[in-house]
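Quick note on labels: first sequence line is chain A, next is B, and so on, each numbered from 1. Note that the structure is a prediction, hence the values are computed from the model and not measured.
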2 protein chains.
Amino acid sequence: MRIGELAARAGTSVKTIRYYDRVGVLRPAERGASGYRLYGEDALERYRFVRAAQAVGLRLGEIREVIALRDRGETPCGFVVDLIGRRAAELDARIAELQALRDELRRLDRRARRLDPRRCDPGLVCHVIDAGT
Amino acid sequence: MRIGELAARAGTSVKTIRYYDRVGVLRPAERGASGYRLYGEDALERYRFVRAAQAVGLRLGEIREVIALRDRGETPCGFVVDLIGRRAAELDARIAELQALRDELRRLDRRARRLDPRRCDPGLVCHVIDAGT
DNA sequence: CTTGACTCTCCCCTACGGGGGAGGTCTTAG
DNA sequence: CTAAGACCTCCCCCGTAGGGGAGAGTCAAG
């Protein structure tokens, strides 16, 4: 099938399919004489895999590596578990960071309620933030 | 003082100070005859405010608005509290999202341990991810 | 044979906060 | 006076996953 049909059946845009070709996660089976990308039925399944992998936080570059392993006949499971572990660690760090920021905002908000806006120091931009430094 | 001295005293780069001028959060007091940016002592304090505001998640565009309010003689406290509230809500949503993803990764990891790599379906790219769809 | 839908490549654009470097001017110490 | 170092503007670059549109070739139906 051609790119338009694949995109329609996959429920995505032609641009996205072309982009996936470019980054190497979804290559067409072949190119027609006119240069058109031609895909087999398996392209649909492959597309769904890419989406599922993206949904669990893998980047297209990583997904490409997973697919390359598979195409070389190896089982990418170990590699995938590794990736997932690393992503989980990054995620934990990121969540902790955001939590800390969230706590800081809560603190600022409580302080803002205690401060009197009329007693704002004119030399500062805003005592809500300035004093919290 | 000129831009190099301000950057050194603030512990940042000249590029950053120029960028802050461009986006309007830290304007020089004046320009010398040669076009050089000239800053007063207060620039250092203003710089610190910008950093503090960035640290609590405000974007430069928002910081510029806060400063503009202040420069118009108004107290930006209410606006700042508003901004902080909105940022907190965004943060909550983002944290929940990342938590959900983290839980999904945990689930995948547990499943990967139960699956036998040797019984990977050759028709799929990776059963760890595929089956989780 | 023509027309309209489809496809191709190529290039610029998004958010965000700057970094790198070119090419030209200014200042200041020796 | 001259040379180094500081400064100026302007333009392109990073990451991520595409979106928008130009200009040109291709395919199918009427």
Per atom distances to the B/Tyr36 side chain, the nearest of C/dT28, C/dT25, D/dC27 is C/dT25

Practice problem: Could you tell me whether B/Glu45 and B/Arg48 make a salt bridge, using a distance below 4.0 angstrom between a side-chain N and a carboxylate O? | Solution: no

Within the sub-3.5 Å range, which N or O atoms of nucleotides 18-21 of chain C have a protein N or O partner, and how far apart are they?
| residue | atom | partner | partner atom | Å |
| --- | --- | --- | --- | --- |
| C/dG18 | OP2 | B/Tyr20 | OH | 2.8 |
| C/dG18 | OP2 | B/Gln54 | NE2 | 3.1 |
| C/dG19 | OP2 | B/Ser13 | OG | 2.9 |
| C/dG19 | OP2 | B/Thr16 | OG1 | 3.4 |
| C/dG20 | N7 | B/Lys15 | NZ | 3.1 |
| C/dG20 | O6 | B/Lys15 | NZ | 2.7 |
| C/dG21 | O6 | B/Lys15 | NZ | 2.7 |

In whole angstroms, the gap separating P of D/dC27 from CD1 of A/Ile3 amounts to 16 Å

field: Side-chain N or O of A/Arg37 closer than 4.0 Å to phosphate OP1/OP2 of C/dC6
entry: no

Looking only at heavy atoms, the pair that brings B/Arg64 and B/Val25 closest together is N-CG1, 3.7 Å

Atom CD of B/Glu5 and atom P of D/dG5 are separated, to the nearest Å, by 18 Å

Let me check something: do A/Ile17 and A/Leu38 share a hydrophobic cluster, defined by ILVMFWY side-chain heavy atoms less than 4.5 Å apart, either directly or through other members? no

From CZ of B/Arg59 across to C1' of C/dA15 the rounded distance in Å is 9 Å

Separation of D/dA17 atom C1' from A/Ile63 atom CD1, nearest Å, is 11 Å

Nearest heavy-atom approach of B/Gly4 to B/Val14 is CA-CG2, 4.1 Å

*Taking only Lys NZ, Arg NE, NH1 and NH2, and the carboxylate oxygens of Asp or Glu, determine whether B/Asp21 and B/Arg31 approach each other closer than 4.0 Å.*
yes

Handout entry: Test: A/Glu41 and A/Arg9 ion pair at under 4.0 Å
Key = yes

Rounded to whole Å, CG of A/Asp21 lies from P of D/dG18 at a distance of 14 Å

For a quick test of reading the model: is some side-chain N or O of B/Ser34 closer than 4.0 Å to OP1 or OP2 of D/dC8?
no

Taken to the nearest whole Å, CD/B/Glu90 to P/C/dC16 is 10 Å

Next on the checklist: For the CZ atom on B/Arg113, are there more than 12 heavy atoms of other groups (residues, nucleotides or ligands in this structure) within a distance under 6.0 Å?
Outcome noted: no

All heavy atoms of B/Tyr39 vs all of B/Leu26, minimum pair found to be CE2-O, 4.2 Å

Between OH of A/Tyr47 and C1' of D/dA17 the distance, given in whole Å, is 12 Å

When every non-hydrogen atom of B/Ala88 is compared with those of A/Arg102, the smallest separation belongs to CB-NH1, 3.5 Å

Output field dot_bracket for DNA chain C (Watson-Crick or G-U, both distances under 3.5 Å, | for other-strand pairs) contains ||||||||||||||||||||||||||||||

When rounded to whole Å, the CD1 to C1' distance for the pair B/Ile17 and D/dC8 reads 16 Å

